There are 2 protein chains.
Amino acid sequence: MLQQRSKDTKETIRLNALRLFAKSGYSAVSMRDIANAVGIQPGAIYNHFPSKQDILVDLMMTHMVDLLAAANNAMDGVEGTRNRLVAFARFHISYQLDFPDHVFIAYMELRSLEETGRQDVYVKRDEYEAILREVLEQGVKEGTFKVANAAVQTRALLAMMTGITVWFREDGELNRDQVIDCYVQAVLQSVGIQE
Amino acid sequence: MLQQRSKDTKETIRLNALRLFAKSGYSAVSMRDIANAVGIQPGAIYNHFPSKQDILVDLMMTHMVDLLAAANNAMDGVEGTRNRLVAFARFHISYQLDFPDHVFIAYMELRSLEETGRQDVYVKRDEYEAILREVLEQGVKEGTFKVANAAVQTRALLAMMTGITVWFREDGELNRDQVIDCYVQAVLQSVGIQE
DNA sequence: GTCTATAGATAGATAGAC
DNA sequence: GTCTATCTATCTATAGAC
């Protein structure tokens, strides 16, 4: 029971820290802000995390591991470079929209990470980029895609798709599926595929 | 003379604040950090800016005004939607590479702006987006471009091109012109134009 | 495991001498 | 216009009672 209650508190700290870091930035959020959001005293946070920095590392690494697992799962068994590109694009955009705070932090707070944690995150990020890059390279090799440089195009497409969270709102003019379709078309055309 | 020396100090404060904000984030940078970089005492900054927030507003608004003027200048007299799209893309990417800190701050520190300054920046940003959006809309109208939604594609392309500053290094594998060519090709293909 | 209380450092901003 | 000195508030983190 006590253990269960403890796990709940830790998870609540994680959720609130994530939301606050995403909204205001790591440096702008104090342990008091997090404690107030959770409904405990600032000192109590240190029963669950040894430091503020450790909360950030925990959030970012958990996100990267989850993201990689989900991506590999989404790509599993998908055949053909065009299909694989579409699968990746749909997965990536959907994931951004489902977990905008995680994504925003992983992208924005790299500079707030101290050296050790940062290297771990970089490794995971490179692993994630490699999934898309290999699809593009395969497409170029087959002659299916027309791409000048697969590594550059990988970063270009990831930036394009990740940027969706900056402006998209569920109650906006276009719904989620319509927006995803726009982006998928842009991605496909950008590698030289006409529908 | 004294006035001249004063102007220099103010400009040095601006330059150092810009660099530090871009590197560590607005909240993570203290007035002491800026003063140390400039080589003056913290209190002396207040002879030039009434508050830390005012430095940020100054930097962001100056950037947006300069960006808009430069963009309008670059587009001036360019005829034809394809040419105008290429002109905008080349201008935008070159500007990002020339002023990466300005661009990064304008994008990242919107959340650090208090309400009044933020509205002013939003107006300028919308004005900038409109330049590209109008090119895309014109191309769709003519049948030159194949774009599902010009507003969505505008944001997608801006995010794609802006992301270049995250990874590009002048001493990297590809030089500036090669990278710009990659991006311009991706932009053109993304609107359905094959070279 | 959470509380109260607080240590020790640092934040933005101001006052007054020069 | 810059300096030294400092105010007040807040920061991360810790100590010890319960």
Side-chain angles (χ1 to χ4, degrees), chain A residues 1-60 105 109 111-118, chain B residues 1-60 105 109 111-118:
Chain A
M1 314 275 233
L2 280 176
Q3 206 170 19
Q4 181 56 41
R5 213 180 309 161
S6 165
K7 267 193 180 170
D8 286 351
T9 301
K10 181 163 188 173
E11 188 58 22
T12 309
I13 293 171
R14 287 170 45 81
L15 290 174
N16 283 283
L18 175 71
R19 182 174 52 79
L20 291 170
F21 288 166
K23 183 185 162 201
S24 309
Y26 173 77
S27 293
V29 175
S30 70
M31 294 298 255
R32 273 175 183 76
D33 293 333
I34 300 171
N36 287 341
V38 174
I40 57 177
Q41 293 300 313
I45 296 178
Y46 293 88
N47 291 322
H48 305 278
F49 295 94
S51 71
K52 185 183 165 187
Q53 174 77 196
D54 279 278
I55 301 178
L56 181 62
V57 172
D58 180 303
L59 290 174
M60 290 184 69
I105 285 183
E109 298 296 355
R111 64 183 174 189
S112 301
L113 279 184
E114 289 159 17
E115 198 50 29
T116 68
R118 180 154 38 189
Chain B
M1 313 277 231
L2 280 174
Q3 205 170 18
Q4 182 55 40
R5 213 181 309 160
S6 165
K7 267 193 179 171
D8 286 352
T9 301
K10 182 163 186 173
E11 189 56 24
T12 309
I13 293 171
R14 288 170 44 82
L15 289 174
N16 282 281
L18 175 72
R19 181 175 52 80
L20 292 170
F21 289 166
K23 184 185 163 201
S24 309
Y26 174 77
S27 294
V29 175
S30 69
M31 294 297 258
R32 276 172 184 75
D33 294 332
I34 299 171
N36 287 342
V38 174
I40 56 176
Q41 293 301 312
I45 297 179
Y46 293 88
N47 290 322
H48 305 278
F49 295 94
S51 73
K52 185 183 167 189
Q53 174 75 200
D54 280 277
I55 301 178
L56 181 61
V57 172
D58 181 303
L59 290 174
M60 291 185 69
I105 285 184
E109 298 296 356
R111 64 182 173 189
S112 301
L113 279 184
E114 289 160 16
E115 198 51 29
T116 67
R118 180 154 37 191

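Every chain is numbered from 1 and lettered A, B, ... according to where its sequence line falls, protein lines coming before strand lines. Owing to the predicted nature of the structure, the values given are computational and were not obtained by experimental measurement.
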What is the separation between atom [atom1] on [X] and atom [atom2] on [N], rounded to the nearest whole Å?
{"X": "A/Ile40", "N": "C/dA5", "atom1": "CD1", "atom2": "C1'", "result": "17 Å"}
{"X": "A/Asp54", "N": "D/dT12", "atom1": "CG", "atom2": "P", "result": "14 Å"}
{"X": "B/Phe49", "N": "C/dT14", "atom1": "CZ", "atom2": "P", "result": "16 Å"}
{"X": "A/Asn36", "N": "D/dC11", "atom1": "CG", "atom2": "C1'", "result": "14 Å"}
{"X": "B/Ile34", "N": "C/dT10", "atom1": "CD1", "atom2": "C1'", "result": "15 Å"}
{"X": "B/His48", "N": "C/dA13", "atom1": "NE2", "atom2": "P", "result": "15 Å"}
{"X": "A/Ile45", "N": "D/dT12", "atom1": "CD1", "atom2": "C1'", "result": "10 Å"}
{"X": "B/Gln41", "N": "C/dA17", "atom1": "CD", "atom2": "C1'", "result": "15 Å"}

Closest nucleotide among [options] to the [X] side chain:
{"X": "A/Arg32", "options": "D/dC3, C/dT6, C/dA13", "result": "C/dT6"}
{"X": "A/Met31", "options": "C/dA13, C/dC3, D/dA13", "result": "D/dA13"}
{"X": "A/Tyr46", "options": "C/dT4, D/dT14, C/dG12", "result": "D/dT14"}

Test side-chain contact (heavy atoms from CB on, under 4.5 Å) applied to B/Leu56 and B/Ile105, step by step: CA-CA 9 Å; B/Leu56 181 61; B/Ile105 285 184; 4.0 Å; yes
Test log, rule side-chain contact (heavy atoms from CB on, under 4.5 Å), inputs A/Leu15 and A/Glu11: CA-CA 6 Å; A/Leu15 290 174; A/Glu11 188 58 22; 4.2 Å; yes
5' priority, DNA chain C, between A/Gly43 and B/Lys52 [closest heavy atom]: A/Gly43
Most 5' of B/Ala28 and A/Pro42 on DNA chain C, judged by nearest nucleotide: A/Pro42
Contact under 4.0 Å: B/Ser30 side-chain N or O vs C/dT10 OP1/OP2: no
pair B/Tyr26-B/Arg111: side-chain heavy atoms closer than 4.5 Å: no
Pairwise side-chain contact, B/Met31 with B/Ile55, heavy-atom cut-off 4.5 Å (strictly under): yes
Sugar-phosphate only, base, or nothing, as touched by B/Val38 at under 4.0 Å among non-hydrogen atoms: nothing
side-chain contact (heavy atoms from CB on, under 4.5 Å) evaluation trace for A/Thr116 with A/Val57: CA-CA 9 Å; A/Thr116 68; A/Val57 172; over 6 Å; no
